[in-house]
Amino acid sequence: MLNLATLNPQQREAVQTIQGPVLILAGAGTGKTRVITFRIAHMIERGIAPTNILAVTFTNKAAREMKERVTKLVPKKKGQDGKKLEGPTISTFHSLGVRVLREHIEALGYKKSFVIYDESDQLNAVKKVLSHLSAKGEKVDAKQVLNFISRFKNNGLKPGTFSDESAAVLAQHVYGKYQSALHACNAIDFDDLLLLTLRLFKEHPAVLETCRNKYRYVMVDEYQDTNAAQFELVHLLTREHRNLCVVGDDDQSIYGWRGAEIANLLDLEKHFPEVKVVKLEQNYRSTNVILNAANAVIKNNLRRRGKQLWSDRGEGSKITVHTFPNDEEEARSMVEQIEYARITRRVPWSQQAILFRTNLQARALEMALRQAGVRYNLIGGQSYFDRREIKDFLAYLKVFVNPHDDISLLRIVNVPARGLSDATMEKLLGLSQERHSSVYAVMRHTDVLEMFATKSRESIQNFIEFVDRTRAELTGEGLVVLSSWAEKFLEETGYIEDLRRSEKNQDTADNRVRNLKDLITNLDRTLEDAPAATAPERLEHFLQELMLDNERADEKEAKGDLVTLITMHSCKGLEFPHVYVVGMEDGLLPHSRSKVEGTLDEERRLFYVAITRAQETLTMSHCLGRKKYGETISCHPSPFLLELPEDLVEIVTPQTKKKVDLQTGQNFFSALKAALD
């Protein structure tokens, strides 16, 4: 029996309201994940079939945590045949899209074995299209064009989404050709996972009706972060049965730059007039000094749903604000404070985090930490899946799943070198575009082979035979062990030896080989969940999971005692006992772009998110000068500092490095006001 007595009254109300539309307005640190999981368990306990419940969130990490918590509350039951019964669907939006598309995408003219392009594959596809559009010598930023295409898709393909910028105009011209290029390779990109699902629902009502009948109770976490396409997807699923529960906090909407529309939460009553709003305001994370500061700052945003966070954790220490002559001195001082806390109060490094607005600020901090011998974890370094050897290996796998995937084929066709020069591949690529087919298909044409010299013709034939043979081995008799299969084709190609030769440093070479072998060992993990699946199906599943879960490397918790370095955008959902917010300067926070783009409210929400990460102590700092491109640029304090209540703040002067008296603090705020006027 579920023990609802462990919830506070507002949490209990949110859990027990299971019919009709509900908005759970969950302030920072108010236990929203606990409420969501209890609500799912409560619905199952009330007799709602688990298969009729859908919970959608934004990251695989959040989905995994939700699944684990629900399993603890409602252990999976077994059917009469002894197999575990299907539980509720808990996934990201994109994973949900894959579920629907794997079953129904053939209605849109794709094969079920479609591949999902990552950003690198997408970029190559854009470059391929641009190479036939732009004039010779004209420089085009393919990444910028791709960003505009992605923005267009995330806004639900609304007309007028593109701006008048040259890259945006070009993106609008490229869009159709880019989509055709992907379709020709039976490939879709990450944004298509939602757009094609929407297209299915609109063009094939029976598919939508099937999904509506299955998902009769829908929950959406972090609803303030939904974009136009995600909103439309949720609306289509729920507008008939009306059993929609959205959980979110408009005060933590900080992703407008990537398409999130805060209006989806603020204007929910326009679509569901009967919605019941439940506010969660009791914070279980921070002291009241920290919460009162956050409340005071965010109330300056006029378009918001009012809430007042409070805690029973006591008042706590005041917030300290430091002024430094430059960013190097700021970094050194922050590290000194971290070390002082560790030595005098035994505060481990792992309980301390430094937050900053832009990645460029990390350089000075890393230097200071290294010089002091402080171990740290910089969140957002090079992803494991961005490493050359990993991308090469995954490209091989994608080719064996779908040899018509031009982007993957072109990446590995001559890696290691096998006599297929750039000139040969350019000619084949040109022929494939003339014939509206894939490069692989063109390579198989007898008349095409006759266009090449004997040596090149043999290299093409050898490559085709290698691909066909390796693909055939996947469908062999008996259980195909994917890791053994992969090791065999890597040995045949000589890839690992080539990888070692390409590195001058032996340790680097060993690390690259180790990365590759670590990935190979994971190829067969799907056997545990789907022992009856064929080798090609397991390989497709492996690639799909990697694509949908490519943030896994960034999400891995660093082992050991490490200080966390993290941007404010990346820290949402995290908490630390001791937080240092650096770079509180006008132009950094709020960012200089906010004045032009009209995003000051979002910058204030970003500051609010940074404040509410702190559990016990909060330290802030700003500099009078900051290095930029080798020169020191004068800086002014952030106007957001003025929004902190004076009685919650203690000023630390650069001369004494000590907390000052009340009068000096008041003088600081007066001087700050004068500087900003």
Side-chain angles (χ1 to χ4, degrees), residues 1-50 52-59 61-77 85 87-91 217-224 243-249 251-252 275-288 290-291 294-295 305 307-316 351 557 572-577 612-616:
M1 187 77 177
L2 201 61
N3 185 9
L4 299 184
T6 59
L7 305 173
N8 68 40
Q10 292 74 31
Q11 290 176 330
R12 212 159 37 243
E13 183 182 11
V15 165
Q16 292 177 316
T17 308
I18 58 177
Q19 298 293 335
V22 183
L23 165 58
I24 301 174
L25 203 57
T30 55
K32 72 178 179 66
T33 305
R34 180 175 170 80
V35 168
I36 293 170
T37 52
F38 263 72
R39 192 173 187 274
I40 293 171
H42 180 66
M43 284 194 284
I44 295 171
E45 196 171 78
R46 291 287 301 273
I48 294 170
N52 291 150
I53 300 171
L54 168 66
V56 188
T57 187
F58 277 83
T59 69
K61 181 180 180 182
R64 285 195 297 270
E65 182 183 348
M66 236 180 253
K67 283 179 186 176
E68 289 167 5
R69 291 202 193 186
V70 169
T71 300
K72 287 178 182 176
L73 292 171
V74 186
K76 286 188 176 180
K77 296 180 181 179
L85 295 174
T89 300
I90 302 174
S91 71
Y217 294 85
V218 178
M219 297 185 69
V220 184
D221 189 18
E222 303 287 6
Y223 191 66
Q224 76 281 349
N243 293 324
L244 170 65
C245 173
V246 301
V247 186
D249 180 9
D251 291 336
Q252 296 186 74
V275 66
K276 179 175 183 178
V277 180
V278 181
K279 291 184 182 181
L280 304 183
E281 297 172 298
Q282 182 177 356
N283 177 285
Y284 294 91
R285 174 187 298 160
S286 309
T287 64
N288 280 297
I290 292 167
L291 297 178
N295 289 332
R305 291 179 180 263
K307 68 188 77 68
Q308 189 78 6
L309 297 182
W310 63 275
S311 168
D312 60 7
R313 297 193 64 197
E315 286 304 297
Q351 291 186 9
E557 294 182 7
K572 191 155 79 75
L574 303 177
E575 57 186 37
F576 307 93
T612 53
R613 299 312 95 195
Q615 296 172 288
E616 298 173 23

- Among all residues two or more places apart in sequence or in another chain, which pass the side chain to side chain donor-acceptor pair (under 3.5 Å) test with Gln10? none
- Message: A side-chain contact here means heavy atoms from C-beta on lying under 4.5 Å apart; do Val35 and Val247 qualify?
- Response: no
- Item | Value rounded to 0.5 Å, distance of CD1 in Ile53 from CG in Asn243 | 10.5 Å
- Would you check if the side chain of Ser311 reaches a backbone N or O of Ser286 as a donor-acceptor pair within less than 3.5 Å? yes
- Query: Roughly how far apart are Glu616 CD and Glu575 CD, rounded to 0.5 Å?
  - Reply: 10.5 Å
- Query: What are the two closest non-hydrogen atoms of Met43 and Met219, and how far apart are they?
  - Reply: CE-SD, 4.1 Å
- Query: Looking at residues at least two apart in the chain, or sitting in another chain, which of them share a side chain to side chain donor-acceptor pair (under 3.5 Å) with Lys307?
  - Reply: Asp249, Asp250, Asp251
- Using modelled atom types only, decide if a donor and an acceptor are shared between the side chain of Asn295 and the backbone of Leu309 within a distance under 3.5 Å. yes
- Note on the structure: Across all chains, not counting sequence neighbours, the side chain to side chain donor-acceptor pair (under 3.5 Å) partners of Arg39 are none
- Would you name the heavy atoms of Ala63 and Thr57 that are closest together and state the gap between them? N-CG2, 3.6 Å
- Query: Would you find a donor on one side and an acceptor on the other, under 3.5 Å apart, between the side chain of Asn283 and the backbone of Trp310?
  - Reply: no
- Between Arg285 and Thr612 the two heavy atoms that sit nearest each other are NH1-O, 2.8 Å
- Check whether any side-chain N or O of Gln11 sits under 3.5 Å from a backbone N or O of Thr30 as a donor-acceptor pair, and report yes or no. yes
- Item | Derivation and outcome, salt bridge (Lys or Arg N to Asp or Glu O under 4.0 Å), residues Glu65 and Lys61 | CA-CA 6 Å; Glu65 182 183 348; Lys61 181 180 180 182; over 6 Å; no
- Message: Going by side chain to side chain donor-acceptor pair (under 3.5 Å), name the residues that satisfy it together with Arg305, two or more places apart in sequence or in a different chain.
- Response: Glu269
- Task: Ignoring hydrogens and angles, tell me if any N or O in the side chain of Glu45 forms a donor-acceptor pair with the backbone of Leu2 under 3.5 Å.
- Result: yes
- Note on the structure: By side chain to side chain contact (heavy atoms under 4.5 Å, CB included), Glu68 pairs with (sequence neighbours left out) none
Validation: residues 14-28 side-chain donor-acceptor distances under 3.5 Å, sequence neighbours left out:
unit_1	atom_1	unit_2	atom_2	d
Thr17	OG1	Glu13	O	2.7
Gln19	NE2	Tyr217	OH	3.0

- Item | Side chains of Asp221 and Phe58 in contact at under 4.5 Å (non-hydrogen atoms) | no
- Roughly how far, to the nearest 0.5 Å, is the CD atom of Glu315 from the OG1 atom of Thr287? 7.5 Å
- Item | Close side-chain approach of Glu222 to Lys32, heavy-atom, < 4.5 Å | yes
- Hey, what do you get for OG1 (Thr37) to NZ (Lys72), rounding to the nearest 0.5 Å? 10.5 Å
- Taking all non-hydrogen atoms of both residues, which atom of Ala55 and which atom of Met66 are closest, and how far apart? CB-SD, 4.4 Å
